[in-house]
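Encoded as structure tokens, the structure appears first; notes follow it.
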Amino acid sequence: MKTTKESRNTLLFMVLGDGWIGRYLYILHSTKQLDYLEWKKKILSDHGIKTNTIRFKNNNGYPACSFTTKSYKFISLYRKVLYTPSKNIANRKLLNKLNPLGLAIWYMDDGGLSQKKRNGKVHANELILNTHLSKEDNQIIIDYFLETWNIKFSQVKNKGKYRLRCGTKQARKFIAIVEPYVKQVPSMQHKINIIKKGFFDVEI
């Protein structure tokens with residue numbers, strides 16, 4: 001079956017986070033996230049991308065599970081764009097392809113939510129996207145989020161690179177977009193467990 005623009009974009013969403021591409025898409029997760037892997041496999045299949053059987057393996061001492069897609073010509077094009085030579089997602093043309101599903105996959109792969117405490121009490125949330133890029137590359141992504149979704153991210157240094165972060169008010173905007181998809185994956189529920197209204201909306 002011939003792939004469509006929608007199906008090709010859906011595969012791209014898988015690559016922005018944990019996915020790896022060569023002649024095909026390869027996805028690996030801990031067995032604790034088997035439900036997430038199965039969800040990804042179904043999403044791809046529903047969009048006309050053929051996938052192979054899930055396999056279980058030892059990943060550096062940890063139980064893991066993985067699958068690959070069939071080989072598609074367009075995957076090679078994505079690889080040329082993304083790997084220059086290492087993976088870099090700071091490409092506005094690629095970012096512009098993202099929809100709420102794409103944001104949800106990216107967030108579940110590379111994002112997280114934590115609570116900040118003051119005097120033992122939660123007063124704010126911090127939402128992180130682990131891009132691990134340079135300041136300049138991250139700024140491309142920050143501009144994208146502000147111009148496309150009206151979400152204001154900043155960036156903080158982490159392990160020699162930089163990652164994106166935002167506080168409670170902006171995190172609520174982001175989670176409102178991705179929540180319908182994240183709710184479908186039980187192992188990812190902690191990533192949308194933001195403090196409720198009534199607490200302080202403090203930007204951190």
> Run the side-chain contact (heavy atoms from CB on, under 4.5 Å) check on Leu25 and Ile49 step by step: do they pass?
Replying inline: CA-CA 10 Å; Leu25 169 68; Ile49 301 294; over 6 Å; no
>> Evaluate Tyr36 against Asp109 for side-chain hydrogen bond (donor to acceptor under 3.5 Å, both in side chains), listing each step before the verdict.
In response: CA-CA 10 Å; Tyr36 184 37; Asp109 278 359; 2.7 Å; yes
Might you point out which heavy atoms bring [X] and [Y] nearest each other, and give the distance in Å?
X      : Y      : answer
Asn193 : Gln115 : O-NE2, 3.3 Å
Arg79  : Gly22  : CD-CA, 4.0 Å
Cys166 : Phe153 : SG-CE2, 3.8 Å
Pro180 : Ala176 : CD-O, 3.9 Å
Lys173 : Asn150 : NZ-O, 3.1 Å
Ser30  : Cys65  : O-SG, 3.7 Å

To the nearest 0.5 Å, what is the distance between [atom1] ([X]) and [atom2] ([Y])?
X      : Y      : atom1 : atom2 : answer
Arg163 : Asp110 : CZ    : CG    : 11.0 Å
Lys32  : Tyr62  : NZ    : OH    : 9.0 Å
Ile175 : Leu103 : CD1   : CG    : 12.5 Å
Ile142 : Ile151 : CD1   : CD1   : 12.5 Å
Lys152 : Leu164 : NZ    : CG    : 15.5 Å
Gln184 : Ile43  : CD    : CD1   : 6.0 Å

Got [X] and [Y] here, is their nearest side-chain heavy-atom distance under 4.5 Å?
X      : Y      : value
Ile105 : Leu16  : no
Leu127 : Gln170 : no
Leu94  : Ile89  : no
Val185 : Gln33  : no
Leu95  : Asn91  : no
Ile27  : Phe67  : yes
Ile21  : Tyr83  : yes
Gln139 : Gln155 : yes

>> side-chain contact (heavy atoms from CB on, under 4.5 Å) for Asn99 and Phe13? Distances and angles first, verdict last.
In response: CA-CA 9 Å; Asn99 58 20; Phe13 303 155; 3.3 Å; yes
> Under a single-linkage definition using a 4.5 Å side-chain heavy-atom cutoff for Ile, Leu, Val, Met, Phe, Trp and Tyr, are Ile75 and Val81 assigned to the same hydrophobic cluster?
Replying inline: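 They do share one cluster, since a chain of ILVMFWY contacts under 4.5 Å joins Ile75 to Val81.
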> Going only through I, L, V, M, F, W and Y residues with side-chain contacts under 4.5 Å, is there a path from Ile128 to Val182?
Replying inline: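 Result: no, two separate clusters.
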Donor-acceptor check, side chain of [X] to backbone of [Y], threshold 3.5 angstrom: yes or no?
X      : Y      : result
Thr3   : Arg8   : no
Asp35  : Ser187 : yes
Thr131 : Tyr162 : yes

>> For the CZ atom on Arg92, are there more than 12 heavy atoms of other groups (residues, nucleotides or ligands in this structure) within a distance under 6.0 Å?
In response: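 Correct, the count exceeds 12.
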> Pairs in or reaching into residues 92-119: which pass ring pair (Phe, Tyr, Trp, His ring centres under 6.0 Å), with residues at least two apart or in two chains?
Replying inline: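 Output for this query lists Trp106-Phe145, Tyr107-Phe174.
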> Given the rule in the side-chain hydrogen bond (donor to acceptor under 3.5 Å, both in side chains) test, do Arg55 and Ser66 qualify, once you have shown the distances and angles that lead to the verdict?
Replying inline: CA-CA 5 Å; Arg55 298 182 179 273; Ser66 68; over 6 Å; no
> Excluding sequence neighbours, so at least two apart, what forms side-chain contact (heavy atoms from CB on, under 4.5 Å) with Thr68?
Replying inline: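 Partners of Thr68 by the side-chain contact (heavy atoms from CB on, under 4.5 Å) criterion, ordered by chain and then number, come out as Tyr24, Tyr26, Asn52.
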> His47 and side chain to side chain contact (heavy atoms under 4.5 Å, CB included): which partner among Thr4, Asn9, Thr10?
Replying inline: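 The single option meeting the side chain to side chain contact (heavy atoms under 4.5 Å, CB included) with His47 is Thr10.
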> Checking side chain to side chain donor-acceptor pair (under 3.5 Å) against Lys41, which of Thr53, Thr69, Thr51 comes through?
Replying inline: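 Result: among Thr53, Thr69, Thr51, Thr51 is the only option passing the side chain to side chain donor-acceptor pair (under 3.5 Å) with Lys41.
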